[in-house]
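Just below is one structure, and these are the notes that go with it.
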Amino acid sequence: MPDDTPRVPLRPFRRWPDEGSRRVPYWVYTDPDVYAREQELIFHGPSWSYVALEAEIPNAGDWKRTYIGDRSVVAIRDQDGGVNVVDNRCAHRGVEFCQRHLGNNAEIMCPYHQWTYDLKGDLIGVPFRRGVKGFGGMPADFDLARHGLRKLAVARRNGVVFASFGAPPPLEDYLGAPILELFDRVFDGRELKVLGYSRQVTPANWKLMFENIKDPYHASLLHVFLLSFGLNRVDQPNRLVIDATGRHAASMTWRGEQKRTADNAEMRSLIEDLKLNDPSMLDPVREFERYTICLMTVWPNLIIQQQSNTLAMRQLVTRGPEAFELAWTFFGYATDDEEMTRRRLRQANLMGPSGYVSIDDSEVMAFAQRGVRAAPDATAVIELGESGWREEEEHGVTESEIRAFYDYYRKVMGL
Amino acid sequence: VSTVVTAASFRDLSDGELRLAVDALLAEYTGCLDEERFEDWPELFVEDGVYKIVPRENFERDLPLATWLCESKGYMKDRVVGIRRTSVYGPRTIRRFVSGLRVLGWTGDVLEVRASYVAFETLVDEMTRVFNTGQYRDRIVVADGRLKFKEKLCIFDSTLVANSLIYPL
């Protein structure tokens, strides 16, 4: 019987507050032992991590280097059209053999001793296997089949590739029906086209990024740009969906107007006379059914952004307890005309490390990390909305997605 | 070099004089940004001027996404409104240095220029750090009797931005 005890013991005084997920102790954002246990139980556990869009690796031999947690992996397209995901670590001496983000090779060769693998990650050749001039060589019983690259489980849906170090349930069950329906709204089977990348390192714990997206409350207060133009405010129609486990969620809104009403009177940052000198930057067209914005958080490393016409995968890469990388892959559809592509690129000004909206988030997360660092035993107060969470809400005046996230997090982490 | 010269007379400048004129434009550019006179920054561009900050990986793969995209002087003015009024960010000082200026010559009415830049960032209670390095790829024209940017591309080397890129480079 397998031993389920986590290998990383936590210090005995790391005890979750009695209030449950309405409180978050600040040591979860800073403690190296908590971080090590997260790597083991979450990122290397039975979860589906986002790794690539198939459009990034369309041809046989195409590969993409990426991360799950803080571990480098490579997604490779093989000759059969399959996608294989392997550890970026040679089976011989541990060398990280792949050093670029994207590329194409007929086979994978480690530069150190030229151990060579096929596109499925199987070892196919070892130099000097039979020795040189009768000297040396590998033992006669050295079995290539037993020394391939570490292979991960792979799941694909409508052009999106996920991988796992563990054995999670099928992707569709993992996402659950309500989240799957929203996933398919953007990934409906149309071929995708990558528009480009943006990457930033934020000096904050990775969970703060999820909390930020799972929090429709802040958008009406922090984001002057967003709320002034009526792109996302809690006085507009809002809808929240949380999967049955609490780990994934989605927030949807419909665009409102740029005006003061009794309902937004408390939004002190709303600027009624804010106008763009060049309105072509923000010229959205109705593209998807129902919502103008849909932001999804998929446990444990993905945010799917549909903000008007700007579409992006935001992949979370952990870099120790106090930093994370956010890797943005902006995309459209292969069928987009030039005007639609231009619109997506212009609206991308709202997002990324220079985004009119996302600057506020990356800055505030850094402020949060600085605040919690020196006070590990103080706690966050997550009280907005009812005390627990429901799988559906028709408003955004709640922090229920955060409580749901921590209910699941604590279960996985044994906290 | 006098700043009150006609378009034609710019074409008559010697290589050395032209280089000094371009160097003066770049110093004016980094000067207004370093001193946070952001309102002066769009005025160094023509009305339909383009300003982009692009990660090198996108530039080399012909991927069209820019980290920062301005397609007109209006876009630049909007960015200044963002810096002054709408964005929430911690206080910082960014200082830019330009070197290796190369004036490649005129293509029609456009002067092609390349240079390396480095921007240092200083945050409150932190040591100054290298924030961003890269290449300026500038297309300069004569407008209103002086040199102005028609297009300025900042192609940056690191694939990673140190948190947020709030001021122009």
Side-chain angles (χ1 to χ4, degrees), chain A residues 100-102 193-204 222-229 269 271 274-282 312 319 323 325-331 341-342 344-349 351-367 370, chain B residues 39 42 47-92 123-126 129 131-132 154 156-169:
Chain A
R100 291 179 183 276
H101 286 135
L102 292 164
K193 181 173 69 177
V194 174
L195 298 178
Y197 301 94
S198 238
R199 304 171 201 270
Q200 63 192 120
V201 174
T202 294
L222 171 68
H223 296 309
V224 183
F225 187 90
L226 206 57
L227 71 95
S228 292
F229 285 117
S269 322
I271 306 174
L274 191 66
K275 279 194 175 57
L276 289 174
N277 287 286
D278 193 334
S280 71
M281 198 264 285
L282 211 58
R319 290 185 169 229
E325 176 188 336
L326 197 58
W328 307 64
T329 306
F330 286 79
F331 62 92
T341 299
R342 203 174 305 125
R344 296 196 199 287
L345 294 170
R346 286 170 171 168
Q347 289 178 25
N349 272 314
M351 299 297 163
S354 289
Y356 275 108
V357 178
S358 49
I359 279 175
D360 306 343
D361 293 320
S362 44
E363 288 289 304
V364 160
M365 285 186 279
F367 301 166
R370 288 168 80 142
Chain B
E39 288 73 11
E47 282 301 321
D48 62 348
V50 170
Y51 176 72
K52 287 191 206 184
I53 303 176
V54 180
R56 209 178 71 176
E57 63 173 329
N58 290 354
F59 183 74
E60 288 178 348
R61 288 195 197 103
D62 282 327
L63 294 170
L65 181 81
T67 305
W68 177 312
L69 169 66
C70 292
E71 293 188 338
S72 68
K73 202 192 251 190
Y75 272 72
M76 297 176 217
K77 289 179 177 168
D78 290 331
R79 277 291 182 175
V80 176
V81 173
I83 291 168
R84 296 286 193 213
R85 291 185 74 187
T86 67
S87 293
V88 175
Y89 57 92
R92 67 202 55 215
L123 301 173
V124 172
D125 292 341
E126 287 188 28
R129 64 174 171 183
F131 176 63
N132 195 283
C154 310
F156 65 93
D157 299 327
S158 172
T159 55
L160 294 168
V161 172
N163 207 23
S164 0
L165 204 170
I166 296 161
Y167 300 158
L169 293 171

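Note on naming: letters A, B, ... go to the chains in the order of the sequence lines (proteins, then strands), and numbering restarts at 1 for each one. What you see is a predicted model; the values in this text were computed from it and never measured. What's counted below: heavy atoms across the whole structure, side chains too, no hydrogens, waters or symmetry copies.
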- Side chain, backbone, both or neither of A:Phe225 within contact of chain B (heavy atoms, under 4.5 Å): both

- Task: Please name the residue in the list A:Leu276, A:Ile271, A:Leu274 that meets the side-chain contact (heavy atoms from CB on, under 4.5 Å) test with B:Val81.
- Result: A:Leu274

- Message: Nearest 0.5 angstrom please: A:Arg342 CZ to B:Leu69 CG, how far?
- Response: 11.0 Å

- Item | Side chain / backbone / both / neither for A:Lys193 at chain B, heavy atoms under 4.5 Å | neither

- Item | Closest heavy-atom pair and its distance - A:Pro353, B:Thr67 | CG-CG2, 3.9 Å

- Query: Are more than 12 heavy atoms from other residues, nucleotides or ligands located less than 6.0 Å from atom CZ of A:Arg100?
  - Reply: no

- B:Leu165 backbone acceptor or donor facing A:Ser354 side chain under 3.5 Å: yes

- Interatomic distance, B:Leu63 atom CG to A:Leu345 atom CG [nearest 0.5 angstrom]: 10.0 Å

- Query: Atom CD1 in A:Ile359, atom CD1 in B:Ile83: separation rounded to 0.5 Å?
  - Reply: 8.0 Å

- Query: Between B:Ile53, B:Ile166, B:Asp62, which residue shows the highest count of heavy-atom pairs closer than 4.5 Å to chain A?
  - Reply: B:Ile166

- Is there a donor-acceptor pair under 3.5 Å between the side chain of A:Tyr356 and the backbone N or O of B:Arg79? yes

- So which part of B:Asp78 gets closer than 4.5 Å to some heavy atom of chain A, the side chain, the backbone, both or neither? both

- Task: With rounding to the nearest 0.5 Å, note down the distance linking CG in A:Asn349 to CD in B:Glu71.
- Result: 8.5 Å

- Item | Nearest-0.5 Å distance, CZ of residue A:Arg346 to SG of residue B:Cys70 | 12.0 Å

- Message: Restricting to non-hydrogen atoms, name the atom on A:Asp360 and the atom on B:Ser87 that form the minimum distance, rounded to 0.1 Å.
- Response: OD1-CA, 3.5 Å

- Count the heavy atoms belonging to other residues, nucleotides or ligands that lie under 6.0 Å from CZ of A:Arg370, then report whether that count exceeds 12. no

- Do A:Ser280 and B:Tyr75 meet the criterion of a side-chain donor-acceptor pair at a distance under 3.5 Å? yes

- Atom group of B:Pro55 that falls short of 4.5 Å from chain A, counting heavy atoms: side chain

- Task: To the nearest 0.5 angstrom, please state how far the CE atom of B:Met76 sits from the CG atom of A:Asp278.
- Result: 10.0 Å

- Pairing of B:Glu57 and A:Arg199 as salt bridge, 4.0 angstrom limit: yes

- Message: Main chain of B:Gly90, side chain of A:Glu363: is a donor-acceptor contact present, judged purely on distance under 3.5 Å?
- Response: yes

- Message: Could you check whether atom NZ of B:Lys73 has more than 12 heavy atoms from other residues, nucleotides or ligands sitting under 6.0 Å from it?
- Response: yes

- Task: Check whether any side-chain heavy atom of A:Tyr197 lies under 4.5 Å from a side-chain heavy atom of B:Leu65, and answer yes or no.
- Result: no

- Item | B:Val161 vs A:Ser198 side-chain heavy atoms within contact, under 4.5 Å | no

- Query: Do A:Val224 and B:Arg85 have side-chain heavy atoms sitting under 4.5 Å apart?
  - Reply: no

